[in-house]
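The model shown is predicted, which means the values in this text are computed figures rather than measured ones. Here is the naming used below: chain letters follow the sequence lines, and residue numbers restart at 1 for every chain.
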Amino acid sequence: MEDLEFRTLARRILGDAASTTAPAGTAAPTPAATDEPAQLDLFGGGETGGEVSEAASGYRTAKDTSTDYQLVATTEALDALIEALQASDTFAFDTETSSLDVMTTQLVGISFSVAAESGFWVPATCADWSEQELLERLQPVFADANKEAIAHHFKFDYKVLAIRGLAFHNKVFDTMVAHYLIQPEASHKLDRLAETELGYATIPITDLIGKAGKAQKSMADLPVESITEYACEDADITFQLRQVFGPRLTEVAADELFQTVEMPLVKILADMELEGVRIDSDELNRYSQELGKQIDGLTAKIHDHAGQEFNIDSPKQLGPILFETLEIKARVKKTKTGQYPTGEEVLEKIKGEHPIVPAVLRYRKLKKLKSTYVDPLPKLVNVQSGRVHTTYQQTVAATGRLSSKDPNLQNIPIRTEEGRAIRKAFIPRDDNHVLLAADYSQVELRIAAALSKDPGLVDAFVQGHDVHTATAAKVFQVEPEAVDRGMRSKAKAVNFGILYGQGAFGLAQNLGIPRREAKEIIDAYFVEFAQLKAFTADCVDRVRETGYAETVLGRRRYLPDIASNNATVRAFAERNAVNAPIQGSAADIIKVAMVRMQAALNEHQLNARMIMQVHDELVFDVPVDEVAQLEGLIEAAMADAVTLAVPLVVDMSTGQNWLEAH
DNA sequence: TGCCCACGC
DNA sequence: GCGTGGGCA
């Protein structure tokens, strides 16, 4: 790769940028018409899979596309690139890193593209600059609020650069999130989209660093020149995808959702992840020891009962012990694999038959707690920050929800005493701070009420009544004062069932009652809440007509299975048709609240930080003297996120740990 | 690697 | 209904 000739560079870029158009034929993979040889041949004469994949897939590749990919490794070349970036009102970029762990990765370089089939690769360091010097040169580009930055999975690149002090003020267009709105359940990987949307097969990363395994190299191990084509291609493809997805977002009526919710949210999530959550590792380690002792005790007890040692974690071994050795009579049939069922539900039923059973149940609970939460959490604490830095995934849940991983902060136990102990280990940054948890009360049921306009349900919320008690009163035809716990819990189960599109079978299973009784309850329910019933039917009808379910902000979920000939498959789609608008609207609402809340924090220049999102709950790390002010801002941001036919109610509480903050 | 189970909303 | 993750086979 030659050093670029910067005098001609700007002219060439500007010329290209001026004539850039969205590529035609975005769907069908069309082999390139050009017989022009690729500019670069990094891999020698046909040693790699380029030709193979081209032949096999029919997609164009770098080899048969005339591209202008340039290495930028001199001050003159960098000057020209920055000039080109400043002359363009939009640019795509992509960071290359040595690993995918943002907190520890090295920055290898950044690629840019301001026009289709062209790109620039800028190594993080070279003879002419250090990493910091490079970022200082690029800072004005990223700080330009009038410029659009395009990236695929922007959150990752943003975090890598933000850690290094770069300030971002560009308008953001994340092609991954855009595609998530266009086709939520499809793959959003860049390589895949290059194929399906551009008919182009990218250079496999394995061509550079080898296949996964011990011998796999890191991006940082390669000579910078050899990365040029690969890195430029990513920025180029990203640039091209933006041209395709812009109009597509309009077609699916998702412009506003994208611009005003999802794009602002990307940066907010990134900042939450970088901020992290402080964990009391000592507390968890103590608890781990305690759990370990209890598990050992239970293991001995269980083996003692069984009269032999065996693997309690293995259903295959546990089954025969329970039902043959100990001859516990189970009124259950074996599973299709010929094994005894040992699920919690089964064991719960035969708890009284033999003392080994409750011991196994408790053993499982504690083992699960220890291996899923107590032991892994301290290992995920970043040594520098002393906090866990989760990753919020914005493009995986089909309904529009976020998900959280490494660690998953959205499934930390709360229901049992032993589980709740884990929440005690989530603590504020220091003695001067508290955790503040703010959660939407019954948000999905309120959405169901608002969307259906069912008078009974709407009334209960408008009057501020306990919705499950109000439901029970109607279903069981008694005064609200006469509703007992059993009635309320049954009503609660039906309310939840509605949200999940669940039928009599599911309800019966949940409540442990005969299916006939479950059906009676549901029938009575739908007599009282006839409009809610009509709403669920409308949801299904609309999906049949349009092909998709839709949330309050117009987020779509396509459900082609609604027309399936397979009754099971079709029924699943029908449940989704009811659930997706409800669950998805709840996701929309809290996302809006997060955007509003971050704006409020910025506007008032508070030191409080939003640090967690758990579907209907936001958690803040707050200086004690900001608590009162913050509560007012949260109430305003969350309760008024959208206007519905029922009020949104927000419950708030503070504490010295996450458990206390509930 | 896929399946089952269990945790959250 | 929507997820993530541990452990077995």
Side-chain angles (χ1 to χ4, degrees), chain A residues 184-185 310-319 335-348 360-377 379-380 390-416 418-423 426 437 439-448 493 495-503 506-507 510 536 539 549 551 555 557 559 571-587 589-590 612-619 658 662:
Chain A
E185 278 160 285
F310 68 99
N311 184 356
I312 308 166
D313 297 328
S314 164
K316 201 176 162 184
Q317 293 180 40
L318 178 63
T335 61
K336 40 191 175 230
T337 47
Q339 293 185 29
Y340 295 101
T342 63
E344 201 205 335
E345 209 177 316
V346 175
L347 296 193
E348 201 62 46
V360 168
L361 279 168
R362 184 161 171 77
Y363 168 91
R364 279 203 182 152
K365 167 169 284 173
L366 300 187
K367 195 94 191 271
K368 166 84 178 172
L369 229 45
K370 185 170 185 291
S371 66
T372 308
Y373 304 103
V374 181
D375 289 345
L377 267 174
K379 294 193 188 113
L380 288 165
T390 191
T391 300
Y392 289 104
Q393 302 187 118
Q394 201 175 351
T395 61
V396 300
T399 52
R401 272 191 180 179
L402 300 176
S403 76
S404 156
K405 64 168 194 165
D406 302 321
N408 183 353
L409 299 181
Q410 296 180 322
N411 73 343
I412 304 296
I414 191 164
R415 287 170 52 203
T416 67
E418 298 89 342
R420 290 161 70 89
I422 293 162
R423 295 203 170 211
F426 287 73
D439 67 286
Y440 281 115
S441 164
Q442 308 284 0
V443 66
E444 292 195 358
L445 214 44
R446 286 172 194 271
I447 290 164
N495 280 332
F496 270 97
I498 298 306
L499 304 179
Y500 301 155
Q502 175 187 268
L507 181 66
N510 266 346
T536 63
C539 285
T551 67
R555 182 192 306 277
R557 178 175 184 186
L559 296 166
F572 192 67
E574 288 170 0
R575 287 196 288 278
N576 283 330
V578 178
N579 177 255
I582 298 171
Q583 188 181 118
S585 295
I589 290 169
I590 196 160
M612 286 193 268
Q613 192 255 38
V614 190
H615 305 309
D616 64 356
E617 171 185 9
L618 297 175
V619 182
W658 195 10
H662 259 105

**Q** Side-chain N or O of A:Ser404 versus OP1/OP2 of C:dG3: is the shortest distance under 4.0 Å?
**A**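 The answer is no; no side-chain N or O of A:Ser404 sits under 4.0 Å from OP1 or OP2.
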
**Q** Does A:Arg557 put a side-chain nitrogen or oxygen below 4.0 Å from OP1 or OP2 of C:dC2?
**A** yes

**Q** Measuring from the side chain of A:Arg364 (C-beta onward, heavy atoms only), which nucleotide among C:dG3, C:dG7, B:dA6 has the closest atom?
**A**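 Looking only at heavy atoms from C-beta outward on A:Arg364, the closest nucleotide is B:dA6.
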
**Q** Nearest nucleotide by nearest heavy atom, which residue falls closer to the 5' end of DNA chain C, A:Lys368 or A:Leu499?
**A** A:Leu499

**Q** Categorize A:Glu344 for me: base, sugar-phosphate, or nothing, with a 4.0 angstrom heavy-atom threshold over every strand shown.
**A** sugar-phosphate

**Q** Is A:Arg415 side chain donor-acceptor paired with the B:dC7 base, going by distance under 3.5 Å alone?
**A** no

**Q** When you check the phosphate oxygens OP1 and OP2 of C:dT4, does a side-chain N or O of A:Ser403 lie under 4.0 Å from one of them?
**A**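 Result: yes.
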
**Q** Just to be sure I understand the rule, does A:Ala586 reach a base, reach only the sugar-phosphate, or reach nothing, if contact means heavy atoms closer than 4.0 Å?
**A**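 The answer is nothing, as A:Ala586 stays clear of every strand by at least 4.0 Å.
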
**Q** Any side-chain N or O of A:Asn311 less than 4.0 Å from the OP1 or OP2 oxygen of C:dG7?
**A** no

**Q** Tell me what A:Val396 touches on the nucleic acid: a base, only sugar-phosphate, or nothing, going by heavy atoms under 4.0 Å.
**A**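 Answer is sugar-phosphate: A:Val396 comes under 4.0 Å of backbone atoms only.
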
**Q** Tell me whether the OP1 or OP2 atom of C:dG7 has a side-chain N or O from A:Ser371 closer than 4.0 Å.
**A**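 For C:dG7, OP1/OP2 do have a side-chain N/O of A:Ser371 under 4.0 Å.
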
**Q** A:Arg575 near the nucleic acid: base, sugar-phosphate alone, or nothing, with a heavy-atom cut-off under 4.0 Å?
**A**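 Answer is sugar-phosphate: A:Arg575 comes under 4.0 Å of backbone atoms only.
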
**Q** Assess whether a salt bridge exists between A:Glu348 and A:Arg364, defined as any Lys/Arg side-chain N lying under 4.0 Å from an Asp/Glu carboxylate O.
**A**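 Salt bridge absent between A:Glu348 and A:Arg364.
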
**Q** Ion pair present between A:Glu418 and A:Lys368, side-chain N to carboxylate O less than 4.0 angstrom?
**A**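 Result for this pair is no, no salt bridge flagged.
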
**Q** What nucleic acid atoms does A:Phe572 come within less than 4.0 Å of, heavy atoms only: base, sugar-phosphate, or nothing?
**A** sugar-phosphate

**Q** Nearest to the side chain of A:Asn579, heavy atoms from C-beta on, is which of C:dC2, B:dC9, C:dC8?
**A**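 Within the option list, the nearest is C:dC2.
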
